[in-house]
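The chains referred to below are lettered A, B, ... by the order of the sequence lines, with proteins before strands, and numbering in each begins at 1. The structure presented is a predicted model; accordingly, all values stated were derived computationally and were not measured.
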Amino acid sequence: MPELPEVQTLVDDLRASSLIGQTIKDVQVRWPRIVAEPTLELFCRQLAGQRVSDIQRRAKYLVFSLGSGQSLLVHLRMTGKFAFASPKDALEAHHHVLLTFGDERQLRYHDTRKFGRFSLVQSAEEALRHLGLEPLSAEFTPEALEQRLRGRRTPLKAFLLDQRQVAGIGNIYADEALWGAGLHPATPAGSLSQEQVHFLYSSIIEALQRGLRNMGTTLGNSQANFYSVAGRRGRNEDELRVFRRTGLPCPRCGQAIERTVLAQRSTHYCLRCQQNGKRT
DNA sequence: GATAATGTTGGTCG
DNA sequence: ACGACCAACATTAT
């Protein structure tokens with residue numbers, strides 16, 4: 001669920017909540033497998049007592065910089081969420097990690113499916129080295145995208161989901177970006193013309209920025225969905241063009257949106273607008 | 001009430 | 001290099 005815009009929304013929320021500068025007084029892990037590294041014991045011992053010096057996003061990871069120079073990396077996978085509470089407040093079944101700060105606030109990690117992972121690492125750069133281009137940074141240029149696409153026969157949809165190429169795009173924004181570019185999801189990545197690469201480039205940025213502007217996408221009403229730290233829903237569902245809109249009219253041409261499965265993921269597109277012709 | 005599907009990632013296996 | 005499949009889990013939709 002949480003892709004780049006959702007994770008950025010959480011990071012913005014955490015920064016706005018004056019967490020930077022606070023000291024982690026206590027660490028409780030209620031589901032040990034959430035901790036990927038180091039061992040559970042070291043994780044708790046080394047994290048306690050540290051000051052949070054910065055909070056940033058890289059791809060779909062939250063990066064907490066710590067006083068020791070180490071970093072706490074959190075990946076929310078499908079259903080991870082953060083919210084503040086008082087240590088006295090009742091715990092829910094899916095509260096798995098509790099960070100209590102010096103000001104008595106408790107940051108609670110909630111994850112119904114338990115896929116999320118916490119890592120305490122010496123170097124964030126090293127641990128996140130495998131990730132590709134940040135699509136909203138200066139390193140993401142049409143030329144850099146073209147270089148990554150070149151020679152690949154993999155479908156564009158699979159390419160966009162590959163975090164080693166462009167980092168932070170998930171199923172929602174991949175489908176939205178391909179619709180915006182007028183490209184069929186099954187198009188071989190290396191087959192794009194220079195013009196099509198430019199369409200894809202600008203469409204990726206547009207789709208992500210729309211998500212950001214709306215503070216993320218919250219689909220439907222289930223609790224397993226995206227909610228900000230403050231518990232707010234994202235507003236981007238209303239602006240989705242194709243994702244989970246199977247059978248509904250394409251906003252550009254009115255044709256019913258198709259659904260198929262590509263790269264083992266549900267994939268939504270407009271048969272008429274995404275035939276790799278010129279974008280309107 | 002059983003079964004399928006779900007926004008992610010990382011692994012295996014051909 | 002690539003894709004098919006699975007595993008980690010729980011909830012919701014069918």
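- A search for ring-ring contact (aromatic ring centres under 6.0 Å, His included) contacts involving A/F118 returns A/Y109, not counting sequence neighbours.
- Note on residues 64-93 of chain A: no pairs pass salt bridge (Lys or Arg N to Asp or Glu O under 4.0 Å), not counting sequence neighbours.
- Every stem involving DNA chain B, taken as at least 3 paired positions in a row under the Watson-Crick or G-U wobble test at 3.5 Å, is listed here: B:2-6 with C:10-14, B:8-14 with C:2-8.
- Along DNA chain C, read 5' to 3', the first and last nucleotides having any atom under 4.0 Å from a heavy atom of chain A are C/dC2 to C/dT12.
- Note: CD (A/E6) to C1' (B/dT8) measures 13 Å, nearest angstrom.
- Listed by chain and residue number, A/D103 satisfy the salt bridge (Lys or Arg N to Asp or Glu O under 4.0 Å) test with A/R105 (two or more places apart in sequence, or in another chain).
- A/Q46 and A/Q70 share a side-chain donor-acceptor pair at under 3.5 Å.
- Shown here are the side chain to side chain donor-acceptor pair (under 3.5 Å) partners of A/R129, two or more places apart in sequence or in another chain: there are none.
- Here the side chains of A/Y61 and A/R57 are not in contact, with every heavy-atom distance at 4.5 Å or above.
- In summary, A/E237 and A/R244 do not engage in a salt bridge, as defined by a charged side-chain N under 4.0 Å from a carboxylate O.
- For the residue pair A/T217 and A/Y173, a side-chain donor N or O sits within less than 3.5 Å of a side-chain acceptor on the partner.
- Through direct or indirect side-chain contacts shorter than 4.5 Å among Ile, Leu, Val, Met, Phe, Trp and Tyr, A/L271 is connected to A/Y269.
- Comment: A/R150 engages A/E146 in a salt bridge, judged by a side-chain N to carboxylate O separation of less than 4.0 angstrom.
- Of the residues in residues 29-43 of chain A, A/W31, A/R33 come within less than 4.0 Å of DNA chain C through at least one heavy atom, sorted by number.
- Although no hydrogens or angles enter the test, the distance criterion places no donor-acceptor pair under 3.5 Å between the side chain of A/R45 and the main chain of A/L40.
- The phosphate of B/dT9 has OP1 or OP2 within less than 4.0 Å of a side-chain N or O from A/H75.
- A/T9 and A/G216 make their closest contact through OG1-N, 4.0 Å (heavy atoms, listed as atom of the first residue, atom of the second, distance).
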Extract from the structure each pairing of a protein N or O with an N or O of nucleotides 3-6 of chain B at less than 3.5 Å, listing the distance.
{"unit_1": "B/dT6", "atom_1": "OP1", "unit_2": "A/R259", "atom_2": "NH2", "d": "2.8"}
{"unit_1": "B/dT6", "atom_1": "O2", "unit_2": "A/R113", "atom_2": "NH1", "d": "3.1"}
{"unit_1": "B/dT6", "atom_1": "N3", "unit_2": "A/R113", "atom_2": "NH1", "d": "3.4"}

Short heteroatom pairs, N/O only, protein and nucleotides 10-14 of chain B, under 3.5 Å:
none

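- Contact annotation for A/Q264: base contact, defined as any heavy-atom pair under 4.0 Å involving a base atom.
- C/dT12 sits 23 Å from B/dT9 when the P atoms are compared, rounded to a whole Å.
- Among all heavy-atom pairs drawn from A/H96 and A/D111, the shortest one is NE2-O, 2.8 Å.
- Heavy-atom distances under 4.0 Å link DNA chain B to no residue of residues 146-162 of chain A.
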Show which side-chain atoms of residues 156-167 of chain A pair as donor or acceptor with protein atoms under 3.5 Å away, not counting sequence neighbours.
{"unit_1": "A/K157", "atom_1": "NZ", "unit_2": "A/N171", "atom_2": "OD1", "d": "2.6"}
{"unit_1": "A/K157", "atom_1": "NZ", "unit_2": "A/D175", "atom_2": "OD1", "d": "2.6"}
{"unit_1": "A/K157", "atom_1": "NZ", "unit_2": "A/S266", "atom_2": "O", "d": "3.1"}
{"unit_1": "A/K157", "atom_1": "NZ", "unit_2": "A/T267", "atom_2": "OG1", "d": "2.9"}
{"unit_1": "A/D162", "atom_1": "OD1", "unit_2": "A/R164", "atom_2": "N", "d": "3.0"}
{"unit_1": "A/D162", "atom_1": "OD1", "unit_2": "A/R164", "atom_2": "NE", "d": "3.0"}
{"unit_1": "A/D162", "atom_1": "OD2", "unit_2": "A/R164", "atom_2": "NH2", "d": "3.0"}
{"unit_1": "A/Q163", "atom_1": "OE1", "unit_2": "A/G168", "atom_2": "N", "d": "2.8"}
{"unit_1": "A/Q163", "atom_1": "NE2", "unit_2": "A/L161", "atom_2": "O", "d": "3.1"}
{"unit_1": "A/Q163", "atom_1": "NE2", "unit_2": "A/I169", "atom_2": "O", "d": "2.9"}

